[in-house]
Amino acid sequence: MSKSQQVQQQSAFKQLYTELFNNGGDFGKVSNNLKKPLKCYVKESYPHFLVTDGYFFVTPYFTKEAVTEFHSKFPNVNIVDLHDKVIVINNWSLELRRVNSAEVFTSYANLEARLIVHSFKPNLQERLNPTRYPVNLYRDDEFKTTIQHFRHQALQQSLAKNLKQENIPDIAKVTGGDKKAKVDAGIVRASTSKGDEFSDFSFKEGNTATIRIQDIFVQEKGKDALSKLGGEGDVKVKGGARGKAKAASKSAKGKKVSAKKADVAAADVRKSVDKIVKYTPNKPSSRKETPQKSQSVPAAGKSSAKKTATGSKKTLPANPSPSGKKSTKTTDQMTMAQFKRYLEWHEKKKGGKTSSGGKVLGKRSAGKASATSGKASKASKRSAKK
Amino acid sequence: MSSAAKNQRSTSRVTKKKTTGPKDAAPKKAEKGSKYEYVELTKAQLTSVTAQHFYAVVIDATFPYKTNQERYICSLKIVDPSLYLKKEKGTGDNSDYATLVLYAKRFEDLPIIHRLGDIIRIHRATIRLYNGQRQFNANIFYSSSWALFSTDKKSALQEIGGQEATSDLVPFSHSGKNFTFQKNEAGIVQNIRKWAQQYFTQYSVISNDMFTALNKAQAQKGDFDVVAKILQIHELDEYTNELKLKDASGQVFYTLALKLKFPHLRTGEVVRIRSATYDETSTQKKVLLLSHYSNIVTFISTSKLAKELRGKITDDRAVEKAALKQDVSLSAVVLTEVDKKHAGLPAHSLHDLFHNADSDKELSSKDTFRTQFYVTKIEPSDVKEWVKAYDRKTKKVTSLKGSAAKGGDNIFQVSFLVKDASTQLNNNTYRVLLYTHDGLGANFFNGVKADNLHKNADARKKLEEYSELLTRFNSYVDAVVERRNGFYFIKDTRIVY
DNA sequence: GGGTTTTGGGG
């Protein structure tokens, strides 16, 4: 029933996310050979955290454990300051969620395949090779079509189940020449589910609790870091649950997350590092805005690859944050324009709801994500974009 | 001195903000006649530090795009009677041109070019040599201004009713709040308009050195331009159209075009794409990626290039035929064709047909519509019951099951439960009927007539295949439906596979 | 300026 990809898909994200949809949203059915560490470039880190595989950008969703471990192992690195850096996601899983696509731009047709990150680390010295301009995976022609296919299957299954008794209009009833007859007689409810939106899906919706980047920001920069700078600390995040009112009430309940079924696959994610981003012959790249004593990359094809003991706890980034120590200044790594942008972003959000995924953050989430480290390998360079 | 002044921006675009708008399209300073002297592109003084004014014909343009927090840019290629053909030997009829770069603080202050061959008037532009080429710069955020005049009777947006109509000497869009026009400009506009028409009639304008053949797209390093015919416009979703393109090389490509950004595109038209890249991640179909500065433009009616391509490029449906051989295909297949006599019938979404038809004055006054949808289920599910015996007098239908001969005529009585982009997310499905008792839709199944399907195994088999084809993922129906008694009946529509 | 924003499905 799935398509035949005669040609190898070059984008790791597209292949992964597509497989999830083609397997009914069941991560356990996704090919195990794809469950390897993901090395990606952090395109943006605030107010949206986006990573790319060299072709597309997606939003990674960090579990509380992932954030805690990261801060523990890299005390002087802010997640929110990872913009333009490389990170390796060693433990992850994928899950399907129903969301409001009018508010979540990394979703389509009210569905979102989420990359749940259980463990990740930064590769501060690594530079990836220049790639094409990364675009939103959820705006890709084939991927959108794959999601439409997923919905099409769900709809047909629902119809087969709910419309067993057929009801065809009698010819006598449709030949009266009644100009006033209303057209709504032709509207047929697909399923008995409540609400106007189709929701008769059979997939098991994910419910892993993750931490919003805004909360990570506050955690790293201080609860009033924003208000001090003129913005408002009270920010609202779009997305998460469907429907605003619904989203609020839902999250309010604060349901617990079952840590067990959680990520069947999390454990399988190990193997060797996946070559997400194409490496290329390195060429020293220098970035303008981040004065970093970037080690010139070894000449070989793979490169600088600092294989920092990934799994070890001792590791301290050879080259911490730009300032050398954890920064609490919100302006770090930001140009005046960016700074202005995020202030505006917060400004715009204030007054909104506080919950995002509709789940509670506090409690530990699913899966005992055992951080498995792959060997960071094929490093490469990525010339800085302006 | 000035005439045809308007108080409101003549552009149909909505100005969202009301910040300090730019100056008038034609700042009025002196009260005397010829305040503005228009120069030919070739005469503009490269040494002059003074701003200059001119009229030119647009032959290429980026979409206005944002470059940073405070700037928007729109870059154009322009020509006029003094600059339009490369003079060097061996360049054939390659076009020569000057570039015009407009800068603004707001997106709304820049011109949107939907069609090549239209006329642009610029006030207060500076000129310099950039890469050995004449480049005009217009700072709309300061004192420069622009105005666009349609070369054809109507502008691209006016043709689709998306812009207020204007007369020949009034721009269909311009920067600033006001627009001024000197008496002596009438002749200038009419002259350059005539020149533009002849120029496009005699030359390709978009010469071969200005675009890449699609069969060479994959080999391109970066972005490139395209000139192709739109074979099909498939509504992928509420915001997006998927264009099926084919160029002179015969290669077919698909590309996503936002409805709001490109509202003027129509099937059958030839377009030029300014900046596209080959998508290496699309493995099921050939796809072109566009950027925010990419533009898709049509050509003025006299275009020789567009005319040649429209007649030369045809759709052999090869992509679809191959797609239908797969279990699941990511290529949308439109299974039907509607009678040519409905070519001009405007299309309406299912949402309009089933949720607005009785409330909207326009819709309720009509009874024939063009619409596209996909079939989720067909009733009766038993194909053998698609054809019934119909008694015209009693209007009763009877199953043809059984050996006893039934009286009356054999007719199709089938109900399609359909859906489309406008109703994609809701919990409804909509009934569209294929009832041939009055002749409507009699040819829908491409030659398969209504016969006793309990006996005619051949017809039954074909219809069972059509049943599968119609309800398979990514199969669409483009149909004309007629409203009768609140129901919609398919007519003048035929499956072509 | 033959380009890369967020308005993050005109920009």
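Naming convention: chains lettered A, B, ... in sequence-line order (proteins, then strands); numbering from 1 in each chain.
- For the pair Arg139(A) and dG8(C), the criterion of a side-chain N or O lying under 4.0 Å from OP1 or OP2 is not met.
- Side chain Asp225(B) to base dG2(C): a donor-acceptor pair is found below 3.5 Å.
- Residue Lys66(B) places no side-chain atom within donor-acceptor reach of the base of dG3(C), judged by atom type and a 3.5 Å distance cut-off alone.
- By the 5.5 Å and 30° criteria, Phe107(B) is not stacked with the base of dG11(C).
- Residue Thr67(B) places its side chain closer to dT4(C) than to any other of dG8(C), dT4(C), dG10(C).
- Residue-to-nucleotide contacts include a donor-acceptor pair under 3.5 Å from the side chain of Glu44(A) to the base of dG8(C).
- Across the P atoms, dT6(C) and dG11(C) are found 12 Å apart, a figure rounded to whole Å.
- Summarising the geometry, the separation between CG on Asn68(B) and C1' on dG1(C) is reported as 14 Å, rounded to the nearest angstrom.
- Across dG8(C) and dG3(C), the matching P atoms stand 26 Å from one another, rounded to whole Å.
- The base of dG9(C) is paired with the side chain of Lys144(A) by a donor and an acceptor separated by under 3.5 Å.
- When side chains are defined from C-beta on, Ser173(B) does not count as touching Pro111(B), because their heavy atoms never get closer than 4.5 Å.
- Taking the six-membered ring for Trp and thresholds of 30 and 60 degrees, Tyr278(B) and Phe253(B) have ring planes more than 60 degrees apart, a perpendicular arrangement.
- Contact of the Ile59(B) side chain with the Tyr97(B) side chain is registered, since non-hydrogen atoms from C-beta on lie closer than 4.5 Å.
- Spacing between dT7(C) and dG2(C) at atom C1', rounded to whole Å, works out to 24 Å.
- No contact: Ser294(B) has no heavy atom under 4.0 Å from any strand.
- Taking atom CG on Leu265(B) and atom P on dG10(C), their separation rounds to 15 Å, with Å as the unit.
- Proximity note for Tyr65(B) (side chain, C-beta onward) versus dG10(C), dG8(C), dG3(C): the nearest is dG3(C).
- Comparing atom distances between the His292(B) side chain and each of dG8(C), dG2(C), dG11(C) picks out dG11(C) as nearest.
- Not one side-chain nitrogen or oxygen of Lys261(B) sits closer than 4.0 Å to the OP1 or OP2 atom of dG9(C).
- For Asn136(A) against dG8(C), no side-chain N or O and base N or O form a donor-acceptor pair under 3.5 Å.
- Between Asp237(B) and Ser291(B), it is Ser291(B) whose nearest contact on DNA chain C lies nearer the 5' terminus.
- With hydrogens and angles ignored, no donor-acceptor pair closer than 3.5 Å exists between the side chain of Asn137(B) and the base of dG1(C).
- Lacking a ring centre under 5.5 Å from that of the base six-membered ring together with a plane angle below 30°, Phe63(B) does not count as stacked on dG11(C).
- Summarising the geometry, the separation between OH on Tyr239(B) and C1' on dG9(C) is reported as 7 Å, rounded to the nearest angstrom.
- A donor-acceptor contact under 3.5 Å is not formed by the side chain of Arg71(B) with the base of dG3(C).
- Under the 30°/60° scheme for interplanar angles, the aromatic rings of His152(A) and Tyr374(B) are found to be tilted.
- In this entry the distance linking CD of Glu103(A) with P of dG8(C) reads 11 Å, nearest Å.
- Checked against dG2(C), dG8(C), dG9(C), the side chain of Ser275(B) finds its nearest nucleotide in dG2(C).
- Partners of His264(B) under the ring-ring contact (aromatic ring centres under 6.0 Å, His included) rule, at least two apart in sequence or in another chain, are His114(B).
- Taking the six-membered ring where the residue is Trp, the centroids of His48(A) and Phe105(A) are separated by under 6.0 Å.
- A straight line from CG of Leu289(B) to C1' of dG9(C) spans 14 Å, rounded to a whole angstrom.
- Residue contacts for Leu256(B): at a heavy-atom cut-off of 4.0 Å it reaches no nucleic acid atom on any strand shown.
- As rounded to whole Å, 11 Å separates atom C1' of dT7(C) from atom NE2 of His48(A).
- In this model, the phosphate group of dG2(C) is approached by a side-chain N or O of Ser75(B) to a distance below 4.0 Å at OP1 or OP2.
- Leu50(A) has its CG atom 9 Å from the C1' atom of dG8(C), to the nearest Å.
- Distances shorter than 4.0 Å separate some side-chain N or O of Gln69(B) from OP1 or OP2 on dT6(C).
- Here dG11(C) presents its C1' atom at 17 Å from OH of Tyr103(B), a figure rounded to the nearest Å.
- Listed nucleotides: dG8(C), dG1(C), dT4(C). Nearest to the side chain of Ile73(B): dG1(C).
- Within the nucleic acid shown, Asn295(B) has no heavy atom closer than 4.0 Å to any nucleic acid atom.
- Within 4.0 Å (heavy atoms only), Arg132(A) reaches no atom of the nucleic acid at all.
- You can call Tyr133(A) stacked on the base of dT4(C); the centres are under 5.5 Å apart and the planes sit within 30°.
- Judged by distance alone with a 3.5 Å cut-off, a donor-acceptor contact links the side chain of Tyr72(B) to the base of dT7(C).
- Taking the six-membered ring where the residue is Trp, the centroids of Phe217(A) and Tyr46(A) are separated by under 6.0 Å.
- Looking at heavy-atom distances under 4.0 Å, Asn131(B) makes no contact with the nucleic acid at all.
- Taking the centre and axis of the six-membered ring of Phe56(A), the NZ or CZ atom of Arg132(A) falls inside the cone set by 45° and 6.0 Å.
- No engagement by Phe136(B) is indicated, since no non-hydrogen atom pair under 4.0 Å with the nucleic acid exists.
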